[in-house]
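Along the sequence shown, residues carry numbers from 1.
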Amino acid sequence: MLKFFRRIRKGLLSKNHIGKYLLYAIGEIALVVIGILIALNLNNRNEQRKTEAKVEIIFSDIMEELTLDIEKTTHIMRYYARRDSMIYLVLNNKITAKDYENNEIPSHMTWNLTGWHSAVDLTNYGYINLLGNLDAVPSKYNEVLKDLNDLYSRFKRAVDMKDQEMGEMIQKNRNIEMQNYSWYALRNETDRKNKLDYLLNDFRYI
């Protein structure tokens with residue numbers, strides 16, 4: 001192909017057809033430019049497809065994380081609902097020594113009401129990845145981005161703060177028990193009886 005064009009140029013120059021040569025040269029340049037534009041267009045389309053595929057993967061990761069977080073928080077809310085019921089029973093003196101001794105109530109509910117909590121620990125790895133690729137996100141996702149920003153910047157932050165406060169309060173309760181009550185480690189039956197008395201009668205615990 002290059003030899004063909006070279007022969008045309010050589011023929012026009014040898015015959016001293018300058019006008020035709022200039023027209024030919026302009027046409028050849030136009031063909032080259034058109035070829036470059038087509039190549040750039042194809043490359044841009046290819047890059048756009050790659051970018052959209054990457055964004056789709058990121059959104060898929062976010063959906064997977066949200067699904068797992070929903071399952072996790074649903075389990076935690078059910079736990080706290082049962083725990084609130086136990087707290088109500090304790091506050092209204094409706095739990096007896098036999099309830100503890102006969103395991104009528106799950107021990108993880110009654111023996112740890114002020115000394116243990118279930119951390120929420122919401123994830124946001126997909127969202128962080130999305131923030132690093134905002135320039136690649138198509139405009140059709142603008143509403144989704146707004147919802148995600150509310151979810152992670154506003155609601156997740158509020159949950160994280162409350163979860164941290166709960167953890168600090170629980171740790172404070174543990175430290176108080178560990179420093180002031182010999183039964184804290186539950187080393188023997190005597191410790192178990194002393195803790196039972198604490199759970200049933202200590203006004204500070206109630």
Reported [atom1]-to-[atom2] distance for the pair [X] and [Y], which is rounded to 0.5 angstrom:
{"X": "T74", "Y": "M77", "atom1": "OG1", "atom2": "CE", "value": "4.5 Å"}
{"X": "L145", "Y": "K140", "atom1": "CG", "atom2": "NZ", "value": "12.0 Å"}
{"X": "N124", "Y": "D160", "atom1": "CG", "atom2": "CG", "value": "8.0 Å"}
{"X": "D121", "Y": "K72", "atom1": "CG", "atom2": "NZ", "value": "5.0 Å"}
{"X": "Y80", "Y": "M86", "atom1": "OH", "atom2": "CE", "value": "15.0 Å"}
{"X": "N194", "Y": "E189", "atom1": "CG", "atom2": "CD", "value": "10.0 Å"}

**Item:** Pair T123-D69, side-chain donor/acceptor within less than 3.5 Å
**Value:** yes
Would you say [X] and [Y] make side-chain contact, with heavy atoms under 4.5 Å?
{"X": "E71", "Y": "T67", "answer": "yes"}
{"X": "E168", "Y": "Q164", "answer": "yes"}
{"X": "I87", "Y": "D84", "answer": "yes"}
{"X": "L113", "Y": "Y205", "answer": "yes"}

Under a 4.5 Å side-chain heavy-atom rule over Ile, Leu, Val, Met, Phe, Trp and Tyr, are [X] and [Y] clustered together?
{"X": "L134", "Y": "L148", "result": "yes"}
{"X": "V137", "Y": "L151", "result": "yes"}
{"X": "L66", "Y": "V159", "result": "no"}

Write down the atom of [X], the atom of [Y], and the distance for their closest heavy-atom approach.
{"X": "V55", "Y": "A136", "value": "CG2-O, 3.4 Å"}
{"X": "D163", "Y": "S118", "value": "OD1-O, 4.1 Å"}
{"X": "H117", "Y": "R83", "value": "CA-NH1, 3.9 Å"}
{"X": "L122", "Y": "K156", "value": "O-CE, 3.3 Å"}
{"X": "L91", "Y": "I206", "value": "CD2-O, 3.3 Å"}

Notebook entry, point to check: Does a salt bridge link K195 with D191, judged by any charged N lying under 4.0 Å from a carboxylate O?
Noted result: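 Salt bridge absent between K195 and D191.
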Residues pairing under side chain to side chain donor-acceptor pair (under 3.5 Å) where one sits in residues 144-154, two or more places apart or in two chains, turn out to be Y127-N149
Residue pairs meeting side chain to side chain donor-acceptor pair (under 3.5 Å), one or both in residues 86-96, sequence neighbours left out, come to T96-D99
I'd like to know if the side chain of [X] reaches the main chain of [Y], judged simply by a donor and an acceptor atom lying under 3.5 Å from each other, with no hydrogens or angles considered.
{"X": "N133", "Y": "N129", "result": "yes"}
{"X": "Y198", "Y": "Y181", "result": "no"}
{"X": "N180", "Y": "I176", "result": "yes"}
{"X": "R187", "Y": "S182", "result": "yes"}
{"X": "N175", "Y": "Q171", "result": "yes"}

key: Residue among R204, E177, M169 satisfying side-chain contact (heavy atoms from CB on, under 4.5 Å) with T114   =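 Single pass found, and it is E177.
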* Yes or no on side chain to side chain contact (heavy atoms under 4.5 Å, CB included) for W183 and R192, after CA distance, side-chain angles and deciding distance? -> CA-CA 7 Å; W183 48 255; R192 184 180 175 85; over 6 Å; no
Atom pairs and distances, donor-acceptor, side-chain atoms in residues 56-64, under 3.5 Å, two or more places apart:
| unit_1 | atom_1 | unit_2 | atom_2 | d |
| --- | --- | --- | --- | --- |
| E56 | OE2 | Y141 | OH | 2.3 |

